[in-house]
Amino acid sequence: MSLLSRLAGALACACAVTTATAAPDTFPGDRSIRFIIPWNAGGSNDIAARELQQIIGEQQKITVVVENAPGATGAIGLGKVAAAPPDGYVVGMGTSSTLAQIAQNLTPLRNEQFAHIARVSTDPLMLLVPKDGPANLAGFLAHMKQNPGQVSIGTPGTNNLNHIFAEMTARAAGVGYVNVPYPGGSRVIADLAGKQIQAAVLKPSESKGQIDAGYVRPIGVFGNERLQVYPDVPTFKEKGYDVYPYGPLVQMAYVVAPAGVSPQVRQRLIDIFSKAIQSDKFKTFAQQNGFLVDDMKGNALDTEVQNVQATLNSVAAKVFKH
């Protein structure tokens with residue numbers, strides 16, 4: 001092959017690479033963005049991601065492909081994000097559950113492996129029972145006392161915020177219990193409705209359908225205030241139980257990209273996702289599903305993640321014994 005032919009071939013390859021990746025100011029160009037959700041389909045984070053997928057497509061004509069990669073309390077899916085090329089075409093959903101795993105050194109992941117994009121939600125957590133379970137929180141705690149170490153409480157993942165609040169429920173009763181971890185909220189709620197477990201710690205967004213259908217009932221809110229979506233459900237606090245003895249905890253979900261993404265592409269991702277999150281359609285969706293939306297993004301989200309991580313580092317060491 002002549003030198004001229006080799007040069008022409010090299011130029012063709014260079015052009016192909018150039019056209020495959022959009023310039024920062026036109027990102028993502030004609031390519032789709034792969035959005036990895038580290039939980040099962042049907043859970044709260046998956047539901048929110050698919051709503052954003054639809055809004056971004058309608059609003060900005062950008063294709064987002066949602067991919068579920070459950071396992072290891074979010075670490076498997078986020079590991080895929082951390083290992084992806086930092087070009088902005090792979091993002092993922094970070095959650096407080098993975099921050100709890102990091103706090104206990106149960107995963108090799110670290111926050112420095114990610115560029116934080118935008119917060120999708122902050123979520124209250126509730127204690128739920130099957131439809132014919134104890135009528136209220138006092139009744140459930142009494143049931144736990146009568147059956148020490150035997151009552152099962154399901155959680156999506158383990159050693160995370162849901163697990164922490166399951167532990168706090170048992171402490172309120174003053175007895176042990178059986179924690180039953182699942183790879184996602186959709187599996188927990190299915191088994192709760194089917195009476196395979198006796199209680200669960202879940203978000204409103206992943207249990208509302210079964211609550212409204214009468215298959216399960218919320219009996220307590222892990223928070224300082226009652227929820228607008230379920231105003232008749234009391235908080236643990238108002239019943240005299242402190243579920244934040246070691247400091248406040250925030251259950252949140254947020255979009256991350258691999259560390260090393262260029263500032264320009266990171267800003268484009270912030271613009272893309274923030275515009276969708278701040279849309280009237282997503283805010284209405286949030287209200288209907290019982291979670292909160294704000295405009296936290298970029299550097300402010302970096303700081304928030306660091307703060308939540310610091311609290312979890314302290315709380316996890318006191319709640320869980322390894």
Side-chain angles (χ1 to χ4, degrees), residues 35-49 66-84 91-114 116 119-128 152-170 177-192 197 199-203 205-207 222 246 249-256 291 305 308-322:
F35 193 6
I36 297 177
I37 310 305
W39 304 96
N40 277 329
S44 60
N45 295 312
D46 177 71
I47 293 168
V66 173
E67 174 186 325
N68 297 96
T73 312
I76 289 177
L78 286 184
K80 290 187 174 186
V81 178
V91 298
M93 186 82 88
T95 70
S96 298
S97 292
T98 304
L99 298 183
Q101 293 278 298
I102 293 171
Q104 300 162 80
N105 290 315
L106 296 175
T107 173
L109 293 176
R110 292 294 178 265
N111 293 315
E112 294 74 22
Q113 293 175 274
F114 304 100
H116 300 101
R119 184 153 69 182
V120 174
S121 64
T122 54
D123 300 86
L125 291 170
M126 306 183 299
L127 181 69
L128 299 103
S152 56
I153 303 178
T155 56
T158 186
N159 296 96
N160 56 11
L161 264 71
N162 302 69
H163 192 175
I164 287 172
F165 286 135
E167 290 280 343
M168 290 302 166
T169 300
Y177 77 110
V178 180
N179 177 242
V180 185
Y182 292 79
S186 59
R187 294 274 298 278
V188 181
I189 194 68
D191 274 9
L192 182 66
I197 51 177
V201 178
L202 292 167
K203 306 170 188 174
S205 54
E206 58 200 353
S207 51
F222 299 99
Y246 308 119
L249 296 169
V250 177
Q251 175 75 338
M252 63 179 182
Y254 50 94
V255 182
V256 296
F291 65 86
V305 168
V308 173
Q309 185 69 74
T311 300
L312 283 167
N313 291 349
S314 173
V315 173
K318 296 170 181 173
V319 174
F320 300 118
K321 303 291 188 290
H322 298 293

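Both backbone and side-chain heavy atoms feed into the values below; hydrogens, waters and symmetry mates do not.
Across every non-hydrogen atom of Pro183 and Pro70, the tightest pair is O-CB, 4.1 Å. The shortest heavy-atom contact between Ile102 and Leu109 is CG1-O, 3.5 Å. Considering all non-hydrogen atoms of both residues, Ala253 and Met93 come closest at CB-SD, 3.9 Å. Of all the heavy atoms in Met126 and Ser207, the pair that sits closest is CE-OG, 3.7 Å. Across every non-hydrogen atom of Gln113 and Pro108, the tightest pair is OE1-O, 3.8 Å. Pairing each heavy atom of Ala75 with each of Thr98, the nearest pair is N-OG1, 4.4 Å.
Between the CE atom of Met252 and the OG1 atom of Thr122 there is a distance of 9.5 Å, given to the nearest 0.5 Å. Gln309 CD to Arg110 CZ: the interatomic distance, rounded to the nearest 0.5 Å, is 8.0 Å. Rounding to the nearest 0.5 Å places CG of Asn179 at 11.0 Å from OG1 of Thr169.
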CA sep, side-chain torsions, deciding dist, call: Ser97, Gln251, side chain to side chain contact (heavy atoms under 4.5 Å, CB included): CA-CA 8 Å; Ser97 292; Gln251 175 75 338; 4.1 Å; yes
Leu249/Ser96 under side chain to side chain contact (heavy atoms under 4.5 Å, CB included): CA gap, chis, key distance, verdict: CA-CA 9 Å; Leu249 296 169; Ser96 298; over 6 Å; no
Thr95/Trp39 under side chain to side chain contact (heavy atoms under 4.5 Å, CB included): CA gap, chis, key distance, verdict: CA-CA 10 Å; Thr95 70; Trp39 304 96; 3.7 Å; yes
From CA spacing to verdict: side chain to side chain contact (heavy atoms under 4.5 Å, CB included), Ser205, Ile47: CA-CA 8 Å; Ser205 54; Ile47 293 168; 5.8 Å; no
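Asn111 places a side-chain heavy atom less than 4.5 Å from the side chain of Leu99. At a threshold of 4.5 Å between non-hydrogen side-chain atoms, the residues Glu206 and Asp46 do not count as touching. A heavy-atom distance below 4.5 Å is not found between the side chains of Leu127 and Phe165. A 4.5 Å side-chain heavy-atom check between Asn45 and Lys203 finds at least one atom pair inside the cut-off. Looking at Ile197 and Val188, their side chains come closer than 4.5 Å, going by heavy atoms from C-beta outward. The closest side-chain heavy-atom distance from Leu192 to Ile189 is below 4.5 Å.
The backbone N or O of Asn159 sits less than 3.5 Å from a side-chain atom of Gln104, completing a donor-acceptor pair.
Asn160 and Thr155 are not linked by any side-chain donor-acceptor pair at a separation below 3.5 angstrom, with hydrogens and angles left out of the test.
Aromatic ring orientation, His163 versus Tyr177: perpendicular (interplanar angle above 60°, classes split at 30° and 60°).
Between Ile164 and the options Phe222, Tyr246, Phe320, a side chain to side chain contact (heavy atoms under 4.5 Å, CB included) holds for only Phe320.
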